[in-house]
Colleague: 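Starting off with a structure, shown below.
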Amino acid sequence: MITFQNLSLPANLLENLTSLGYEQPTPIQEQTIPLLRENKDLIAQAKTGSGKTLAFLLPLILKLDEAEHFPQALIIAPTRELCEQIAGEANKLARYKKDVKVTTLYGGTSLTKQVASLEKGADILIGTPGRLLDHFSRKTIHLGQINTLILDEADRMLDMGFADDILKLVSNLPKKRQSILFSATYPENIDKLTKVILKNPTEVKIASKEKEVAIEEFVYEVEDKDKALLTTLKHFQPNLALIFCNTKIKTAEVSHMLQGQGFDVATLNGDLEQYERQEMLLQFTNGSLPVLVATDLAARGLDIENIDLVINYDTPMKTEDYTHRIGRTGRADKSGLAVTLCDTYGLGKLSEIKPKLQAKKISTLSPNKNFYMQGEVATLCIDGGKKKKVRAGDILGTLCKDIGINGKDIGKINIYQSSSYVAIKKTVIKKAFTGLKNGKIKGKNLRVWWLD
Ligand code: ADP
Ligand code: MG
């Protein structure tokens, strides 16, 4: 058995990995970390949920020069949510070094605030292609010192039409650099990008063995998709379900339908304001809204613990989309279920993109009429975050000591720059809300409201 020790990493990094609960490298980490440390260009492919993020972040953080004042690494990813997630991992992993600054740059948030944060110094830039290019054109990012370029989910960025933006950015990076691509899927057309961006790249591909496949896949032939969706949920009775639709409008309709049937539902699509996207995702991950209806925006990279059922309400258009959608479950060696609901058109589409899957009749399922998905917790938002030096411990302190809430009734606490969110059992949420409204966190009276 190979351990992180075998990869000859510094002791303080090993300690940090242990404290984060990483005991042993995954196969893709084992194979790529040594190559990346030799500064090689790399194209890496491994299935969804196999730990690709740590594989590219670990060598990067090792390599960062603490004396350098300009950004040294550029990570490009297709969605804002994925940028945030990668930044979160980078921050955790870099804890053992002093003062590594990770800055996210994506649309839907104020440019001025991003510029202010860049001016304070940034070591790692993580962004979506459009906003990065925007900063570059305004000369608000300095790319002259970048020595590592990482593209996560590169094939998706091509699909979204970002190839030109990426090429423009890359042509302005120093020639002497390490360039790295990570994804679970590489369609043929990726060559266009790789030929220009990478120099003699090493290719690492971890094939997943049939018997290791952790996601069980089902296809149902259906007439009424709404009805079939309810049947599916009430049959499989998941704890956390992610439902994919092909259009933004459809996500809103399906959410509305499920809400009408007594489900607590979040919606995620590109029409929402950035704060809404953040709050929807947060309420799904903290269990307040245990169903998420989303477009392919949520298909790439998102690592949400304990999603046990993914449903394709609409059949995806491409094999890659299918792979990434269902890959939101069965992560890091856990198991998961994926169900695709197909009308006649969907069956035709599916036979093109996943010819091996066989459809069953939806009538073979036995739904439990009385099953609903409702959050045991709801979310309170507090008008103060990192900037006001609010920490999870401060919120816990006020809730438990001052207000008398039992610790076991408090769920996830998320702290952002200027706001914080806390999940609280619905049975005591009124008490918590009133207490927080009248009480103090860190000696300050902060505004509080309820998300629903
Ligand atoms: P991918 O990018 O391959 O889809 P992620 O990088 O998002 O996968 O990782 C999936 C999950 O596996 C994450 O929750 C991550 O924390 C976890 N993970 C990554 N590396 C390890 C490891 N070495 N040991 C245990 N868990 C890991
Ligand atoms: Mg990933």
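Side chains are part of it too, since the values below use all heavy atoms of this structure and drop only hydrogens, waters and symmetry mates. Remember, predicted model here, so these are calculated numbers, not experimental data. Start at 1 and go down the list; that is how both ligands and their atoms are numbered.
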Colleague: Does any N or O of ligand 1 fall below 3.5 Å from an N or O anywhere on Q24, backbone included?
Modeller: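 Between Q24 and ligand 1 (N or O atoms, distance only) the closest approach is under 3.5 Å.
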Colleague: Which bit of Q29 gets closer than 4.0 Å to ligand 1, counting heavy atoms only: side chain, backbone, both or neither?
Modeller: side chain
Colleague: For residues Y313 and K225, determine if any side-chain heavy atom of one lies less than 4.5 Å from a side-chain heavy atom of the other.
Modeller: yes
Colleague: Using a heavy-atom cut-off of under 4.0 Å, does the side chain or the backbone of F56 touch ligand 1, or both, or neither?
Modeller: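 No part of F56 is near ligand 1 at this cut-off.
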Colleague: Does a side-chain N-to-carboxylate-O contact under 4.0 Å join K52 and D152?
Modeller: no
Colleague: Under 4.0 Å from a heavy atom of A332: give me the atoms of ligand 1 that qualify, with their elements.
Modeller: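 Listed by number with element, the hits are 11 (C), 12 (O).
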Colleague: Does S50 reach ligand 1 with a nitrogen or oxygen that is under 3.5 Å from one of the ligand's nitrogen or oxygen atoms?
Modeller: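 Indeed, backbone or side chain, S50 has an N or O that close.
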Colleague: Just which atoms of ligand 1 are under 4.0 Å from any heavy atom in T48?
Modeller: 4 (O)
Colleague: Looking only at heavy atoms, is any part of K52 under 4.0 Å from ligand 1, and if so is it the side chain, the backbone, or both, or is it neither?
Modeller: both
Colleague: Please could you name the atoms of ligand 1 that K47 approaches to less than 4.0 Å, counting only its heavy atoms?
Modeller: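 Heavy-atom distances to K47 below 4.0 Å select 3 (O).
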Colleague: Establish, yes or no, whether the cationic atom of K234 lies under 6.0 Å from the six-membered ring centre of Y372 and within 45° of the ring axis.
Modeller: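 Flagged: K234 positioned over aromatic ring of Y372.
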Colleague: Salt-bridged, K318 to E320, with N to O below 4.0 Å?
Modeller: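 Looking at K318 and E320, the cut-off is not met.
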Colleague: One residue to check: D303. Relative to ligand 1, which of side chain, backbone, both or neither has a non-hydrogen atom less than 4.0 Å away?
Modeller: side chain
Colleague: For atom 18 (N) of ligand 1, what is the nearest protein heavy atom, given as residue, atom name and distance?
Modeller: Y22 CE2, 3.7 Å
Colleague: Looking only at heavy atoms of F182, does any of them come nearer than 4.0 Å to an atom of ligand 1?
Modeller: no
Colleague: For G49 and ligand 1, answer yes if some heavy atom of the residue is under 4.0 Å from a ligand atom, otherwise no.
Modeller: yes
Colleague: Could you tell me whether some N/O pair between G21 and ligand 1 is separated by less than 3.5 angstrom?
Modeller: no
Colleague: CG/L380 to CD1/I395 distance, rounded to the nearest 0.5 angstrom?
Modeller: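 Going from the CG atom of L380 to the CD1 atom of I395 covers 10.0 Å.
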Colleague: Is the shortest distance from a Lys or Arg side-chain nitrogen in R325 or D296 to a carboxylate oxygen in the other one below 4.0 Å?
Modeller: yes
Colleague: Does the plane of the ring in F218 sit parallel, tilted or perpendicular to the ring in F236? Use 30° and 60° as the thresholds.
Modeller: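 Rings of F218 and F236: tilted, as their planes differ by 30° to 60°.
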